[in-house]
Amino acid sequence: MFRGLIYMSKVPPYMKPAKLRHLLSQFGEIDRVYLKPEDPKVRKHRVRMGGNKKINYAEGWIEFLDKKIAKRVAESLNGTQVGKAKHACTWTRDSTCRNTFAW
């Protein structure tokens with residue numbers, strides 16, 4: 001069985017890898033989740049201007065144990081909002097999921 005990798009071009013602000021794993025585990029078994037932290041200069045500027053000190057992530061990769069499940073998840077979540085509308089200002093970004101890698 002081949003593994004499938006999904007790329008997220010945008011990660012909602014303040015969403016942690018554990019939360020993302022929890023949200024996407026309903027579709028199938030997840031092996032690894034990697035979220036790339038935002039640029040340190042951008043974070044420093046945001047904090048200096050009075051913004052939140054929490055870590056934001058710029059993009060991410062989610063590895064499913066089954067390639068077919070990853071393909072189906074990428075097709076169904078492409079262009080949709082990930083997470084609930086908890087706070088209008090923090091959860092409004094949509095995510096773009098693409099099945100671009102095959103292992």
Side-chain angles (χ1 to χ4, degrees):
M1 199 180 297
F2 293 106
R3 295 179 181 197
L5 193 63
I6 293 178
Y7 171 70
M8 288 185 66
S9 63
K10 296 177 186 174
V11 179
Y14 316 117
M15 182 173 278
K16 297 179 181 179
K19 179 67 175 176
L20 189 61
R21 179 183 292 274
H22 174 72
L23 288 173
L24 296 179
S25 65
Q26 65 184 346
F27 297 106
E29 292 186 49
I30 296 176
D31 187 24
R32 293 183 280 187
V33 174
Y34 175 75
L35 298 180
K36 180 182 170 190
E38 68 180 336
D39 186 29
K41 292 179 182 178
V42 173
R43 182 177 187 271
K44 188 175 181 180
H45 182 266
R46 178 172 46 87
V47 171
R48 191 179 322 138
M49 292 299 172
N52 199 317
K53 295 180 182 178
K54 293 181 181 180
I55 297 174
N56 280 340
Y57 296 98
E59 57 188 0
W61 292 266
I62 301 99
E63 182 179 1
F64 284 87
L65 292 178
D66 189 6
K67 184 178 179 180
K68 290 179 183 179
I69 292 175
K71 208 174 221 182
R72 187 174 52 210
V73 170
E75 289 172 358
S76 65
L77 291 182
N78 190 16
T80 62
Q81 181 176 334
V82 175
K84 296 180 181 176
K86 187 175 181 181
H87 302 289
C89 61
T90 58
W91 295 86
T92 55
R93 282 190 186 172
D94 63 325
S95 67
T96 305
C97 299
R98 295 186 184 125
N99 189 8
T100 55
F101 299 98
W103 287 8

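Keep in mind that this is a model prediction, so the values were computed, not measured.
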**Q** Where is the tightest heavy-atom contact between Ser76 and Thr80, given as atom of each residue plus distance?
**A**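 That would be O-CG2, 3.8 Å.
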**Q** Taking all non-hydrogen atoms of both residues, which atom of Ala70 and which atom of Leu5 are closest, and how far apart?
**A**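 Closest pair (atom of Ala70, atom of Leu5, distance): CB-N, 4.3 Å.
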**Q** Can Val33 be reached from Ile55 by stepping across I, L, V, M, F, W or Y side chains whose heavy atoms are under 4.5 Å apart?
**A**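 Per the 4.5 Å side-chain linkage, Ile55 and Val33 are co-clustered.
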**Q** How many angstroms lie between atom OH of Tyr7 and atom CD1 of Ile62, to the nearest 0.5 angstrom?
**A**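 Answer rounded to 0.5 Å: 10.5 Å.
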**Q** Can you check whether Phe64's main-chain N or O pairs, donor with acceptor, with Asp31's side chain at less than 3.5 Å?
**A**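 Between the backbone of Phe64 and the side chain of Asp31 there is no qualifying donor-acceptor contact (under 3.5 Å).
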**Q** Using the test side chain to side chain contact (heavy atoms under 4.5 Å, CB included), find all partners of Lys36 that sit at least two apart in sequence or belong to another chain.
**A**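 Partners of Lys36 under the side chain to side chain contact (heavy atoms under 4.5 Å, CB included) test: Tyr34, Glu59, Trp61.
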**Q** Hey, can you pull the donor-acceptor pairs under 3.5 Å for the side chains in residues 44-54, sequence neighbours left out?
**A**
{"unit_1": "Arg46", "atom_1": "NH1", "unit_2": "Asn52", "atom_2": "O", "d": "2.3"}
{"unit_1": "Arg46", "atom_1": "NH2", "unit_2": "Glu38", "atom_2": "OE2", "d": "2.4"}
{"unit_1": "Arg46", "atom_1": "NH2", "unit_2": "Lys54", "atom_2": "O", "d": "3.1"}
{"unit_1": "Asn52", "atom_1": "OD1", "unit_2": "Lys54", "atom_2": "N", "d": "2.9"}

**Q** Enter the distance from Ile6:CD1 to Glu75:CD here, rounded to the nearest 0.5 Å.
**A**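 CD of Glu75 is found 10.0 Å from CD1 of Ile6.
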**Q** Drop me the distance from His22's NE2 to Met15's CE, to the nearest 0.5 angstrom.
**A**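 Output value for this atom pair is 10.5 Å.
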**Q** Is there a side-chain contact between Phe27 and Leu77 (heavy atoms, below 4.5 Å)?
**A**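 Yes; the side chains approach each other to less than 4.5 Å.
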**Q** Atom CZ in Arg3, atom CD in Glu29: separation rounded to 0.5 Å?
**A**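 Spacing of CZ (Arg3) from CD (Glu29) equals 10.5 Å.
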**Q** Of the options Arg21, Lys19, Gln26, which is the one that meets Leu23 in a side chain to side chain contact (heavy atoms under 4.5 Å, CB included)?
**A**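 Among Arg21, Lys19, Gln26, the one meeting side chain to side chain contact (heavy atoms under 4.5 Å, CB included) with Leu23 is Lys19.
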